[in-house]
Asker: 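Sharing a structure, written as structure tokens. Questions coming.
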Amino acid sequence: MRSTVPTGETMRHHWLAFTSNRRFHQAPKLVSKAEGIFYHTPQGHKLYDSLSGLWCTPLGHGNRQISEAISHQLSQLDYAPAFNVSHPLAFQLSEQIAGMAPGDLNHVLYCNSGSEAADTALKLARAYWRARGKPEKTKFIGRAKGYHGVNFGGISVGGIGPNRKVYGQTLDAYHLPHTWLTENRFSRGLPQEGDYLADALLQILEVQDASNIAAVMVEPMAGSGGVIVPSSGYLKRLRTLCDQHDILLIFDEVITGFGRMGTVFGADYFAVQPDMLTCAKALTNGIMPMGAVITSRDIYQTMMDQPGDDFMIEFPHGYTYSAHPLACAAAMASLEQLNQPSLMEQVRSLSQVFEDAIHDLKGLPLVEDIRNIGLAGAIQIQSDPAHPTKRASEISALCWDKEVYVRFGGNNLSFAPPFICSKQDIHEIFSRVADAIQQYARQQGLN
Ligand code: PXG
């Protein structure tokens, strides 16, 4: 098949996701090949991939072990019905995931994305309380600046205003304050201040009452919100409060899962075990769509112990492509690599270099905060009051010209390089980003 670069009207057939399509048409950014930590454009440029795609390809592009596993699986079993039937690899993968997940998070429900994982977890939380004889526990608590995908459950619990404001009614959900504090600006790794922010849960409960609340859902660190890292005791405090008030705690680990923080999960980093954990992205190294919800023994057992005939479906939920054989093959091959202690060691050692390199940009014009944890970080750009998200997007466009793909969201530039990059790659990425910021400030007369 011939691949051609689209132009003019032909571009309009593809309505791009989460994109300013009108702006895209003015200056289309296309990639046509990827290798290791680089993307190649049809025009022959080679760009650093500074976000591992969309936070999802930590092993880089073109990983042989994964592509061979998918090809082999394709030759054996291309699809298996997801309901009432399964296939051996799905059990093998679940055992692998249970072995990697903390504590008694040992039961895995599959879906195809982080958004589906979020909605699956929220539905399971309600079904669990019903099975426990407390059907009135249906409301949810999320956090400002939280991101849990784009389905109705996820946007209800999510705390990014523009992602929910045009969609009308959502589920009943309340929000904890976000954990970004002015006094923590330019913290390296975990910030000092903020454990007390978890106590805002008590204020919500004062009005809503714990008897109505099913679950609290948060990301261990808010990725899309701009790598907002909580202080070290925040999640422990949230865990204690949830236990005291009989509320489930769900960690959305779609970004933090499988090594991004230098530990397998964010739950491990903060030594806090949730009742459910959602993941996606790195699970298959981004190569096949797959998400999962990992639940505690108590949740699983409660659902299995429901009274009724044994042909009753315990949880009426699932997708045509749950535990898709090709996704399972990609996940097995990814996790075999991501589970190597030496790889986690490498992430932790690169994290130090990454921290120094990103914080070297402190003092550049327009840079109002820099945050990092593990191999994730964000540079917060002072907003133009008239156009709050314009500067970050324009700086990102200059980075593209300097052959670095940089993700922008709101007024943040976000970074999550592949685990396989070198120290020199990290320095090169931030040196080009620094040039782009300086050039932008000069062009705008802002330096
Ligand atoms: N939860 C979290 C914490 C996420 O980060 C989702 C759920 C939804 O996953 P799906 O697979 O449905 O997209 C995400 C996705 C960005 C960015 O640049 C972040 C995501 C996706 C695309 C871009 O911040 N996160």
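Indexing begins at 1, ligand by ligand and atom by atom, following the structure's order.
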Asker: Ignoring hydrogens and angles, write down the donor-acceptor pairs under 3.5 Å from the side chains of residues 415-426, residues two or more places apart or on other chains.
Answerer:
unit_1: S422; atom_1: OG; unit_2: Q424; atom_2: N; d: 3.4
unit_1: S422; atom_1: OG; unit_2: Q424; atom_2: OE1; d: 3.4
unit_1: S422; atom_1: OG; unit_2: D425; atom_2: N; d: 3.1
unit_1: S422; atom_1: OG; unit_2: D425; atom_2: OD2; d: 3.0
unit_1: D425; atom_1: OD1; unit_2: Y48; atom_2: OH; d: 3.4
unit_1: D425; atom_1: OD2; unit_2: S422; atom_2: N; d: 2.8

Asker: Write out all pairs satisfying side chain to side chain donor-acceptor pair (under 3.5 Å) with one or both partners inside residues 388-397, taking only residues at least two apart or from two chains.
Answerer: E394-Y440
Asker: Angle class for the Y39/H61 ring planes (parallel below 30°, perpendicular above 60°, tilted otherwise)?
Answerer: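 Tilted: the ring planes of Y39 and H61 meet at 30° to 60°.
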Asker: Excluding sequence neighbours, so at least two apart, what forms side-chain hydrogen bond (donor to acceptor under 3.5 Å, both in side chains) with R432?
Answerer: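 For R432 the side-chain hydrogen bond (donor to acceptor under 3.5 Å, both in side chains) partners, ignoring immediate neighbours, are E428.
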Asker: Collect the protein residues that have a non-hydrogen atom under 4.0 Å from ligand 1 and hand them over in chain and number order.
Answerer: L54, W55, S113, G114, S115, Y147, H148, G149, E219, S224, D252, V254, I255, K281, R407
Asker: Should the pair Y321 and H324 be assigned to parallel (<30°), tilted (30 to 60°) or perpendicular (>60°) ring geometry?
Answerer: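 Answer is tilted, since the angle falls between 30° and 60°.
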Asker: In plain terms, say whether D243 and R239 are close enough for a salt bridge, that is, a side-chain N and a carboxylate O under 4.0 Å apart.
Answerer: yes
